[in-house]
There are 4 protein chains.
Amino acid sequence: MGYVDGGHLKAFIERVEKLEEEKRSIGDDIKDVYAEAKSMGFDPGVMRKIVSLRRQDSGRREEEANILELYLQTLGMA
Amino acid sequence: MGYVDGGHLKAFIERVEKLEEEKRSIGDDIKDVYAEAKSMGFDPGVMRKIVSLRRQDSGRREEEANILELYLQTLGMA
Amino acid sequence: MGYVDGGHLKAFIERVEKLEEEKRSIGDDIKDVYAEAKSMGFDPGVMRKIVSLRRQDSGRREEEANILELYLQTLGMA
Amino acid sequence: MGYVDGGHLKAFIERVEKLEEEKRSIGDDIKDVYAEAKSMGFDPGVMRKIVSLRRQDSGRREEEANILELYLQTLGMA
DNA sequence: TCAGATAAAATCGCGC
DNA sequence: GCGCGATTTTATCTGA
């Protein structure tokens, strides 16, 4: 122990950093969309709520599917 | 008063949702990189710390470190 | 700058640590409840899902109230 | 098969929810302490770091710090 | 600039 | 012991 393959480590770190940069860039794009919408008279706060509610909806649907499956498993095990 | 252009609103919402989906996808890619690194013997926890350290603006980091140092000394922990 | 009231700082830190200890203790109590339920034949996984869904429900109700208020404000401003 | 004792289940769920409510309440208390400290001129961010440092098991902290150091040296960042 | 809300990151704990 | 998911904590962002 004590040896580290610096070349590989560096490559991994840089891949992560590149991906994080892309992610940040998309985050900026999202902000731009809200700004553009706002400039056209839409309320960004309301828009964010809508997006959030729609996200929760799909999340909840998934959860419900999961719990259904769990119930079936539980019954199947009994 | 009270009129909302639903067509434009819908388009904006969908653009945001598409971008958020891409963002999530990149997040998954990042997880994959860490997993791959781990499978080669690297410690993902430490790698994350490195990425985090590099991400922080060094100026602010030093500033905060100084305050922390001061507090620790005050508490007799340094 | 450079002076820190160590007495007050220490007191605050200790208050936080005491509260965190209580929080951890309650977390343990929760685990105990699940364990007890499991010993009586209930499925902890299913129970957690139920608790989670009920929590989401109240959260969603709040969010819907928020968005309603936002809409009203938006209309009131128009 | 398929029978569930709803009375007991409901009781367990409610015990969990009550405990979770208490936990949330203590979380709020902690936030209050930080707010009060801030109002007296302390830096909450730094205070959180101190609490975090004290919480960490020092043995494990040293272990991880060593690996981090090794990686940083390998990358030429140390 | 600050508080409050939102989202991201790190950590923790469970089940497999 | 490992991955996965939930929780918690941190950081960012928005609006006052």
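Nothing here was measured: the structure is a model prediction, and the numbers come from that model. Convention: sequence-line order gives letters A, B, ...; per-chain numbering from 1. These values consider heavy atoms only, across backbone and side chains, with no hydrogens, waters or symmetry-generated copies.
Rounded to whole Å, the distance from CD1 on A/Ile26 to C1' on E/dA7 is 15 Å. Between the P atom of E/dT6 and the CD atom of C/Glu62 lies a distance of 11 Å, rounded to the nearest Å. Following rounding to the nearest Å, D/Asp43 (CG) and F/dA11 (P) show an atom-to-atom distance of 11 Å. One atom, NZ of A/Lys23, and another, P of F/dT12, lie 13 Å apart when rounded to the nearest Å. For the pair B/Leu68 CG and F/dT10 C1', the interatomic distance rounds to 15 Å; values are reported in whole Å. The nearest whole Å value for the distance from the CG atom in B/Asp32 to the P atom in F/dG3 is 12 Å. In this structure, CD1 of C/Ile30 is placed 17 Å from P of E/dC12, rounded to the nearest angstrom. Distance C/Tyr34 OH to F/dT7 C1': 12 Å, rounded to the nearest Å.
Residues of residues 44-56 of chain B having a heavy atom closer than 4.0 Å to DNA chain E, listed by number: B/Arg48, B/Lys49, B/Ser52, B/Arg55.
For A/Glu69, the side chain to side chain contact (heavy atoms under 4.5 Å, CB included) partners at least two apart in sequence or on another chain are A/Gln73. With sequence neighbours left out, the side chain to side chain contact (heavy atoms under 4.5 Å, CB included) criterion links B/Asp32 to B/Asp29.
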Residues 15-25 of chain C side chain polar contacts: donor-acceptor under 3.5 Å, at least two apart:
residue	atom	partner	partner atom	Å
C/Arg15	NH1	D/Glu36	OE1	3.3
C/Arg15	NH2	D/Glu36	OE1	3.3
C/Glu17	OE1	D/Arg54	NH2	3.1
C/Glu17	OE2	D/Arg54	NE	2.7
C/Lys18	NZ	C/Glu22	OE2	3.2
C/Glu20	OE1	D/Arg55	NH1	2.8
C/Glu20	OE2	D/Arg55	NH1	3.4
C/Glu21	OE1	C/Arg24	NH1	2.7

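Take the nearest nucleotide of DNA chain F for A/Asn66 and for B/Glu64: the residue whose nucleotide is more 5' is A/Asn66.
D/Lys38 comes within 4.0 angstrom of the backbone, heavy atoms only, and of no base. Here B/Lys31 lies out of heavy-atom contact (under 4.0 Å) with every strand.
Looking only at side-chain heavy atoms (C-beta outward), A/Asp28 and A/Lys31 come within less than 4.5 Å of each other.
Screening residues 57-78 of chain B for ring-ring contact (aromatic ring centres under 6.0 Å, His included), with sequence neighbours left out, gives no hits. Listed by first and then second residue, the ring-ring contact (aromatic ring centres under 6.0 Å, His included) pairs involving residues 7-56 of chain B are A/Phe12-B/Phe42, A/Phe42-B/Phe12 (not counting sequence neighbours).
A side-chain donor-acceptor contact under 3.5 Å links D/Thr74 to the backbone of D/Leu70.
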